[in-house]
2 protein chains.
Amino acid sequence: MEKVTRDEVLRLHAQICKALADPSRLWIIVELRHRSRTVGDLSRAIGASQPMTSRHLAVLREKGIVQAERDGSFVRYSVADRRVLTAVDLLLDVLTTQLARQGARSTAARRLRPALRSA
Amino acid sequence: MEKVTRDEVLRLHAQICKALADPSRLWIIVELRHRSRTVGDLSRAIGASQPMTSRHLAVLREKGIVQAERDGSFVRYSVADRRVLTAVDLLLDVLTTQLARQGARSTAARRLRPALRSA
DNA sequence: CGCGGACATACGCGCATCCGCATATGGGCA
DNA sequence: TGCCCATATGCGGATGCGCGTATGTCCGCG
């Protein structure tokens with residue numbers, strides 16, 4: 001039996017979140033939602049250099065979020081576990097709710113004092 | 001109407017993910033799942049210093065993941081949007097699946113060459 | 001067998017973030 | 001009002017991450 005400590009699980013859990021915590025990588029995930037794409041496709045889609053795109057894909061791959069598959073001289077990437085898409089959607093919903101609620105107000109304005117004053 | 005660019009949404013979306021991308025903060029969220037807690041409670045629960053705990057809470061608060069409420073001289077924190085809990089659970093499921101599948105093998109071993117060789 | 005295209009990786013820099021430590025703020029109570 | 005407890009914030013050193021540039025590796029093809 002494998003013994004995995006709670007700290008280790010938390011660390012890995014956080015690493016998965018960290019892999020998602022980048023605008024380019026989120027965009028890549030969005031691009032991969034419906035079909036697999038090659039590195040060049042993704043690079044053009046998200047407007048990043050080929051090396052940078054490859055690097056982002058490596059991060060997602062190492063965390064098991066995305067998987068690679070050879071297709072001739074290309075490499076096609078696809079989402080490895082679609083539950084990640086659901087999770088990303090949920091977090092986007094959370095953001096959308098926030099934006100709808102606070103309208104034009106600055107997100108950075110969410111400091112403590114005003115929050116507590118209102119109570 | 002509010003005009004929010006796609007880049008801006010991606011940036012904010014990534015920031016929410018980034019707020020979750022820390023073992024201590026994930027642990028805090030777990031602690032807040034069923035009931036609200038004071039800073040001192042959380043500090044003791046996760047084994048972090050009071051200033052560090054407060055700082056983590058500030059990060060979660062600024063991203064709207066957690067909310068603060070005065071209770072006497074204490075401040076009670078609770079989860080602001082429970083969809084975050086669902087998202088975190090999903091990502092934990094993803095991790096659990098990976099751990100179950102790969103057993104004792106190192107997570108870092110998920111490099112490209114082996115993956116492609118197997119195809 | 002050598003060439004070119006597609007992709008991955010190494011290196012270095014600039015910048016943001018994390019953490020411990022010290023200190024400030026703010027509310028309750030004598 | 002002044003003290004104490006709970007919490008928040010400022011600061012500095014160390015670490016990590018995103019990114020551009022240059023180079024390595026693999027594949028298919030002539």
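Proteins get letters first, then strands, A, B, ... in listed order; numbering begins at 1 in each. Just the heavy atoms: all of them, side chains too, but no hydrogens, waters or symmetry mates, feed the values below.
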Rounded to the nearest angstrom, tell me the gap between atom [atom1] in [X] and atom [atom2] in [N].
X: A:I28; N: D:dC19; atom1: CD1; atom2: P; value: 10 Å
X: B:R55; N: C:dC18; atom1: CZ; atom2: P; value: 9 Å
X: A:L20; N: D:dC17; atom1: CG; atom2: P; value: 14 Å
X: A:R76; N: D:dC27; atom1: CZ; atom2: P; value: 18 Å
X: B:L57; N: C:dC19; atom1: CG; atom2: P; value: 13 Å
X: A:D22; N: C:dA16; atom1: CG; atom2: C1'; value: 13 Å
X: B:E62; N: C:dC18; atom1: CD; atom2: P; value: 11 Å
X: B:R70; N: D:dA8; atom1: CZ; atom2: C1'; value: 10 Å

For [N] and [X] - does any side-chain N or O of the residue sit under 4.0 Å from the phosphate oxygens OP1/OP2?
X: A:R61; N: C:dT9; result: yes
X: A:Y77; N: C:dA8; result: yes
X: B:H56; N: C:dC19; result: yes
X: B:S54; N: D:dA8; result: yes

Ignoring hydrogens, what is the shortest heavy-atom contact between [X] and [Y]? Give both atom names and the distance.
X: B:A21; Y: A:C17; result: CA-CB, 3.7 Å
X: A:R25; Y: A:K18; result: NH2-O, 3.3 Å
X: B:Q50; Y: B:S43; result: N-OG, 3.6 Å
X: A:Q67; Y: A:V79; result: NE2-O, 4.1 Å
X: A:L32; Y: A:Y77; result: CD2-O, 3.3 Å
X: B:V39; Y: B:L57; result: CG2-CD1, 3.9 Å

Positions of residues 30-51 of chain A (non-hydrogen atom under 4.0 Å from DNA chain C), listed by number: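 A:T38, A:V39, A:G40, A:Q50, A:P51, in order of number.
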Residue whose nearest DNA chain D nucleotide is more 5′ - A:G72 or A:V59: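 Going by which nucleotide is closer to the 5' end, it is A:V59.
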Sugar-phosphate only, base, or nothing, as touched by A:R25 at under 4.0 Å among non-hydrogen atoms: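 A:R25: backbone/sugar contact only, no base atoms under 4.0 Å.
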Sugar-phosphate, base or nothing in reach of A:K18, heavy atoms under 4.0 Å: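 Sugar-phosphate contact only.
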Whichever of A:M52 and A:S73 has its nearest DNA chain C nucleotide further upstream toward 5':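 With A:M52 and A:S73 compared, the 5'-side residue is A:S73.
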Test item: A:T97 and A:V94 side chains (from C-beta on) under 4.5 Å apart, heavy atoms: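 Side chain of A:T97 against side chain of A:V94, heavy atoms only: no contact under 4.5 Å found.
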